[in-house]
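First the structure, in the form of structure tokens, and then the observations on it.
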Amino acid sequence: MQVLESLGATWGRARLMRLNGQAEVRAHVDINYYWRERMRVHVPIVTTPSVRFPCGEGEVNMAAGECWIFDTWRRHRVLNQGNDTRIHLVADTVGGERFWDLLAQARPPGMRGPEWQPRLISPRADGAAPQLDLENFNAPAVMSPWELREHIVFLLGEAVPDPRMGPIQQALLRFARRWHALWAACGDRGEGLPRYQRLLAGIRAELDALGAGQIGLKNELGFLQALGAHVLDMAVAQPAGAGGAAQTDRHGDQGVHAGGAAVPERPAPAPVSRPGQAQPATEADELFERPLFIVSPPRSGSTLLFETLAAAPGLYSPGDESHALIEGVPGLSPAAHDWDSNRLLAEHAGAPVGAALRERFFRQLRDRDGQPPGAGPVRMLEKTPKNALRIPFLRTVFPQARFVFLYREPRQVLASMIDGWRSGQFQTYPRLPGWDGPAWSFLLTPGWRQLAGRPLEEVVAAQWAATMQVLLDDLAALPAGEWIGIEHGRFLADPQGEVRRICDWAGLAWDRTLGRELPLSRYTLTPPDPEKWRRHEPAIEATRALWEPQAARAGALLG
């Protein structure tokens, strides 16, 4: 409380946030309306030099007792690469008189010259209670035309250039003018609400017809998704009786991993009985109905397939890969198994573990419009390449699990994996005990210790082959109808047909028309090119004996 008082701000939410050892907060951007005008202040309480905070192009370690703010509109993440718990005081603010003076004296990372030193704020000893200004109003009943226009202008400036933006901008200008006229007549009085709602419904339909859902932002979010979070979902408060009290205090945990900044815990929906309980396969699942897991080696195109399928109505997803969701549960990280691998079996899914994991997943789920599920059971879509080694475990935790096996021609995958290792953007265990090669990237496969000292192309080929061997063995053990195969090349050639085929098999609806060219996935390193792998052709062909047997097995399985 004294720390908060010393910063001289008006405070919204404040809490102590813990991140366990060997856990991470996935890369994401804070999209919720709450974050549009607020900064997050971090004061590390318990931390170590192994905790890293990448944000945009930079990366810092926040030391204990320092005070940091950062740009949450950039993609950012947190990595706790040690075994010790990290605890931060994290508080949200719109600023304040003394706060802005402090900020004017701050320095970006790497610019602390001898003329600038941080100021020590000692604990007060007089026993006086800290005096804090706290938020009481943080969202309007009806958004003013000036605020609405400011959000629209901001997002138009953040949009990636696209020929469709001209008509979209004109549609939003007309919408803002109509909103202003209605505001002048009705303000935030209740009798104007139906007319405001009609304006919102009209612009949603117009933007959808203009293709706004396919426009991206510079920070890799979707334009329409951000517009919904900042304007369309917030311009009119939810009336009392439509799910509770009037929606005037709308704190936002939602970010986009494009999700909540540190994935804070959310209360489970009240109607759900036995939330997160692991159940045997013979028992009906009250929380998850036939959840779908995309399984494949890394760099097989699973992100593109995931992002496409996640647009199915009634389908919910965690928003991104679930490394931290899974390995943050005690007993599920490689460190808990002597760093053997990411392999998890049925015996690793004891009741406490399964219950914790199910609840963590359920709380993270959002549909294509960013809305959380109500009471279960819910249809879930998930993809994490490490899960290619976890099918027996997932079937135990999620008794009705179904699997979508994505296969991509191995030469293309291996070339992309080599690029990924070299880029440094896919490091999963940078300080892997017993490994003195380049920082370990992607999933940790059985037998990885035998690869010490081998060339990178051999490490990657063995990594892919080990993944495929485990994955194909596990698929072969599944009952008929619990998995479906899809070949990456066929998916690119006929996205609409292949997505419909998967949805028909999974019992899902599909209400969108996909073009021949799909947008790039969030983890694309370089533009797609079917011949791109030839840059590494000699190295890949030299390792043919490692990967070819599993490629032949996969080809036979898929026909």
Side-chain angles (χ1 to χ4, degrees), residues 294-305 341-343 383 385-389 405-429 432 435-476 485-494 498 518 520-521 523-559:
I294 299 173
V295 287
S296 68
R299 310 305 292 168
S300 295
S302 61
T303 300
L304 181 60
L305 179 60
S341 70
N342 289 128
R343 179 71 160 154
K383 83 100 185 174
K386 294 174 183 177
N387 286 344
L389 303 175
F405 168 42
L406 175 62
Y407 178 72
R408 185 181 183 187
E409 204 283 324
R411 293 175 180 85
Q412 297 180 9
V413 180
L414 295 172
S416 186
M417 289 178 69
I418 291 172
D419 289 340
W421 272 77
R422 290 176 175 171
S423 74
Q425 296 183 30
F426 300 91
Q427 297 178 13
T428 47
Y429 306 108
L432 182 60
W435 179 258
D436 58 2
W440 190 273
S441 298
F442 304 117
L443 73 181
L444 192 62
T445 47
W448 63 266
R449 291 181 176 89
Q450 301 170 19
L451 302 174
R454 308 306 302 169
L456 179 58
E457 61 269 19
E458 191 171 321
V459 172
V460 165
Q463 192 179 25
W464 183 90
T467 303
M468 285 297 293
Q469 180 175 349
V470 170
L471 176 55
L472 294 175
D473 288 348
D474 287 345
L475 290 174
I486 178 170
E487 201 275 319
H488 182 259
R490 295 177 189 171
F491 171 56
L492 294 183
D494 183 16
E498 288 297 280
L518 295 173
L520 297 181
S521 71
Y523 296 128
T524 300
L525 282 176
T526 56
D529 180 352
E531 298 300 309
K532 187 168 55 173
W533 71 274
R534 293 193 181 278
R535 292 179 294 125
H536 302 296
E537 183 174 6
I540 292 172
E541 293 301 325
T543 61
R544 192 185 189 100
L546 289 173
W547 54 262
E548 190 171 44
Q550 301 306 325
R553 285 185 67 195
L557 191 64
L558 293 174

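This one's a predicted model, so the numbers in the text were calculated from it and none came from an experiment.
- We find the CG-OG distance between L432 and S441 to be 11.0 Å, quoted to the nearest 0.5 Å.
- A donor-acceptor pair under 3.5 Å is formed between the side chain of T428 and the backbone N or O of F442.
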Let me have the donor-acceptor pairs involving side chains of residues 444-456, under 3.5 Å, with sequence neighbours excluded, atom names and distances please.
from, atom 1, to, atom 2, distance (Å)
W448, NE1, W339, O, 2.8
W448, NE1, D340, O, 3.1
R449, NH2, D338, O, 2.8
R454, NE, E458, OE2, 2.8
R454, NH2, E458, OE1, 3.2
R454, NH2, E458, OE2, 3.4

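- Residues that satisfy the side chain to side chain contact (heavy atoms under 4.5 Å, CB included) test with P549, not counting sequence neighbours, are absent from this structure.
- The CZ atom of R534 sits 13.5 Å away from atom NE2 of H536, with the distance rounded to the nearest 0.5 Å.
- When all heavy atoms of S296 and S302 are compared, the pair lying nearest together is OG-CB, 3.7 Å.
- In terms of heavy atoms, R299 sits closest to M417 at CG-CG, 3.8 Å.
- Looking at residues two or more places apart in sequence or on another chain, you find no side-chain hydrogen bond (donor to acceptor under 3.5 Å, both in side chains) involving R422.
- Between E457 and T543, the shortest heavy-atom distance links the atoms O-CG2, 3.8 Å.
- Using a cutoff of 4.0 Å between basic side-chain nitrogens and carboxylate oxygens, R535 and D419 are scored as salt-bridged.
- With sequence neighbours left out, W421 forms a side-chain hydrogen bond (donor to acceptor under 3.5 Å, both in side chains) with Q463.
- Remark: R411 pairs with E409, E541 by the salt bridge (charged side-chain N to carboxylate O under 4.0 Å, His left out) rule, at least two apart or across chains.
- Here the side chains of Y407 and L557 are not in contact, with every heavy-atom distance at 4.5 Å or above.
- Evaluation of the side chain to side chain contact (heavy atoms under 4.5 Å, CB included) rule for Q550 yields W464, A465, M468, Q469, L472, R553 as partners, not counting sequence neighbours.
- N387 meets the side-chain hydrogen bond (donor to acceptor under 3.5 Å, both in side chains) test with E382, R390; sequence neighbours excluded.
- Note that CG of L443 and OH of Y429 are 8.5 Å apart. Values are rounded to the nearest 0.5 Å.
- A search for salt bridge (charged side-chain N to carboxylate O under 4.0 Å, His left out) contacts involving E498 returns R501, not counting sequence neighbours.
- Atoms CD1 and CG, on I294 and L305 in that order, are 4.0 Å from each other to the nearest 0.5 Å.
- The line from NZ of K386 to OG1 of T467 is 12.0 Å long, rounded to the nearest 0.5 Å.
- Residues meeting the ring pair (Phe, Tyr, Trp, His ring centres under 6.0 Å) test with W547, sequence neighbours left out: none.
- Applying the side chain to side chain contact (heavy atoms under 4.5 Å, CB included) criterion to E548, with sequence neighbours excluded, gives R544.
- S300 and L406 get closest at one heavy-atom pair: O-CD2, 3.4 Å.
- Among all heavy-atom pairs drawn from S423 and G420, the shortest one is OG-O, 2.8 Å.
- For H488, the side-chain hydrogen bond (donor to acceptor under 3.5 Å, both in side chains) test picks out no residue, with sequence neighbours left out.
- Heavy-atom minimum distance, A461 versus L546: CB-CD1, 4.0 Å.
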